[in-house]
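A, B, ... follow the sequence lines: proteins, then strands. Residue 1 opens every chain.
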Amino acid sequence: MAMSANLLAVPVAAPLLTAALILLFARWGGRTLIRHQIALTALALCINLAVAVLLFRGAAGQGQQFVLQLGAWPAPFGITIYGDGLSATLLLLTALVALAVYPFAVATIDYHRARMGFHPLYLFLLMGVNGAFLAGDLFNLYVFFEVLLMASFVLLTIGAQPAQTNSGIRYVVLNLLASTVFLVAAGIAYGTLGTLNFAQIAERLPLASPAVRTVFAGLLLVGFGSKAAIFPLFFWLPASYHTPPPAVTALFGGLLTKVGVYTLFRSFTLFFPELLLSWQPALLTIAGATMLVGALGALAQPGIRRVLSFHIISHVGFMLMGLAVALSGNSLAIGFGLGAAIIYLCHHMIIKTALIMAGGAVELHMGSDRLASIGGLVSRQPFLAFLFFMAAISLAGVPPFSGFVSKLSLLQITLDTRHWVVAGVSVFASLLTMMNMMRLWRESFWGDYSRPSRVPSRILQSGVRQKLILTPVAVLVLLSLALGIWGEPAFRLSMQVAQQALDRQAYIEAVSPSAQISTLPAGHLTVPAESVSTNSPDGLSNAAARTPLVSR
Amino acid sequence: MISLLLAIAVGSLFACGTYLIMRRGQIKLILGLALLSHGVNLLLFGSGRLIEGRPPIFLNKTDYAETIKLNLPADPLPQALILTAIVISFGITAFVIVLVNRRHTVTQTDYVHGEFVPLLREGDPFDFSESTEIDQYDWLAYEVDEVYDSEELLTGFPTLPPSEQDESTAMEEDRYRWP
């Protein structure tokens, strides 16, 4: 037990408290106070990153599980916060992405949007995302979803330009529908299983009737899948991601859909691992359709950010493919698919953020992101062109970068399990990605220099602003390169994480929801008589990190 | 019997909400979202079992163990869940109303072509001193001048290809036939 599980509270509490502090003391005022806001936000992001690194070292590196029962209430009654390797990996990546986008945001968000509360909203979004990764029961997951949705609504429409309000309505309505479906799933879980705690649901679900399991899984697939932008439910994403300021798009593209992907991973591995086999054809079909529609849709788009937002959809399909083959394969390869999906998730979060930021820089220089009307930036911004190129080939999966490792491992497990069609579709989608990336780079950097907009370019020429825009992109590209070069240890780590995530029994025992009450068959809401008097003698309810059992 | 009634109520709320969301009007959209959230709240309410006459709070402290043993108390959790859900949906409804109002204002009054250029501040981003020319840098000036795709806007209304003219574009161009 190297670390206290109390660390789990920091990724939620630090952004929340800092945002509250900003709203209290630095809200109304001129530019001096905005400078204070920036300093406070940067401080919170650094704290968040430090804690995420610590948690990652404990959870993914040493295989610990962190369980924090708030207020020391035992599991099914109190609020459970749970962190294992999967959560810690996503926390770390979220912290990295948030910290990397922030300098870009500082450099490109104008004074008036900052006055409307951009910086506290940034923190609220981070808090919601972190909380969703850590939530240990369905209703808190819903609440954190709503927190991040509310923050993203406002960030999407901040400034209230016509295009933003138009896209904002689509985004808001479709995401609210997804939340409604998810809340229905939570209600059904409580009505039929009598609990909302993840561990207790996982404990009771095998006893429930198949109808309950199917309905619950279907509602979760629709609700989470809509957040993750899988095939028939992705329409909110390309309708909205090209309208806010580029910094907001970079943040959204790095974080938002990944919350949906994480909840899909968590719910399917914890609640219905058997459905990963029996629903495998459906999941693979959805994954293939998502990949194909994303890549083909990107081919038809006229602007940089529109192309990139369609590629987000395409990549969600790859992750879903990894989840669908998570449990198949021979006995040695259990978890290989999920491990590949996790490393793909890491690669995607890093490089997609870098690419959207680079695209945003192009857009700021040109005043437009319409590919037909821009071009020739390579002579004016050679470093930006270089970074954009590196990020683009990493996204397409060219060897020294992380895209190659993650795509190769996904393809390997898919071919091993003899899913030829979806493997072929993924290769085809990768090819389309390559074409699209080359199209983006050629159209924006080659050709005659033409600037469709009359934005005074001198506002981009200051050295500090150039550094703030380009440094995070460079850092993320280097990270992707490192992930590709040290692919083997990274992959071994993600295999450990995947096997920890697939180990349901360890989760249930770590949270131990039934240490205080006896488990009865589903369908009854029971409070046994001695619930108060007999505390469990082994003291399972203490809020300490416990080392898990050996994985199966 | 009462649970059947509740099921019918939940179902009809969902049906009405779905129908209203699929209509074109924006007020109907808000109403549809509100009805859907009511439906979910009722569903959560039903998840706690509808049984008469069971207290969630014990006034008599002596025999509460017996009451629990007989599985008598009502479940207070769904009410707490509904309360949270109501608060959340209240906030979101307020936001959607503001958003729809803003869109209505924009499309009804003035025809605004483009978007703000996201970068409005100039100079050192860490330099927020009050006395520079930044203060005279009128952000409204950008609204007219610095729009995207200005080569299209210079000739008046943008002529997008028909494939890109969706409903919202039609609304912005005052050609939209309100239902």
| field | Derivation and outcome, side chain to side chain contact (heavy atoms under 4.5 Å, CB included), residues A:I169 and B:L29 | value | CA-CA 10 Å; A:I169 287 182; B:L29 183 76; 3.9 Å; yes
| remark: Of the listed B:I21, B:L44, B:L99, the one with the largest count of heavy-atom pairs under 4.5 Å with chain A is B:L99
| task | Check whether any side-chain heavy atom of B:F14 lies under 4.5 Å from a side-chain heavy atom of A:V184, and answer yes or no. | result | yes
| remark: Taken to the nearest 0.5 Å, the spacing of B:L36 CG from A:S179 OG works out to 11.5 Å
| field | Neighbours of chain A found in residues 5-12 of chain B - heavy atoms under 4.5 Å | value | none
| query | Counting only heavy atoms not in B:F45, do more than 12 fall under 6.0 Å of its CZ? | reply | no
| field | Nearest heavy atoms of B:V96 and A:V172, plus distance in Å | value | CG2-CG1, 3.5 Å
Solution key, residues 77-93 of chain B side-chain donor-acceptor pairs under 3.5 Å, sequence neighbours excluded:
unit_1	atom_1	unit_2	atom_2	d
B:T84	OG1	B:A80	O	2.9
B:S89	OG	B:A85	O	3.3
B:S89	OG	B:I86	O	3.1
B:T93	OG1	B:S89	O	2.5

| note | Heavy-atom closest pair (B:S47 atom, A:G187 atom, distance to 0.1 Å) is CB-O, 3.3 Å
| remark: Okay, A:T180 and chain B: the region with an atom under 4.5 Å from a heavy atom over there is both
| Contacting region of A:L149 [heavy-atom separation from chain B under 4.5 Å] | neither
| Side chain / backbone / both / neither for A:V248 at chain B, heavy atoms under 4.5 Å | neither
| B:I2 atom CD1: more than 12 heavy-atom contacts under 6.0 Å | no
| query | Tell me, side chain or backbone of A:F153 under 4.5 Å from chain B's heavy atoms, or both, or neither? | reply | both
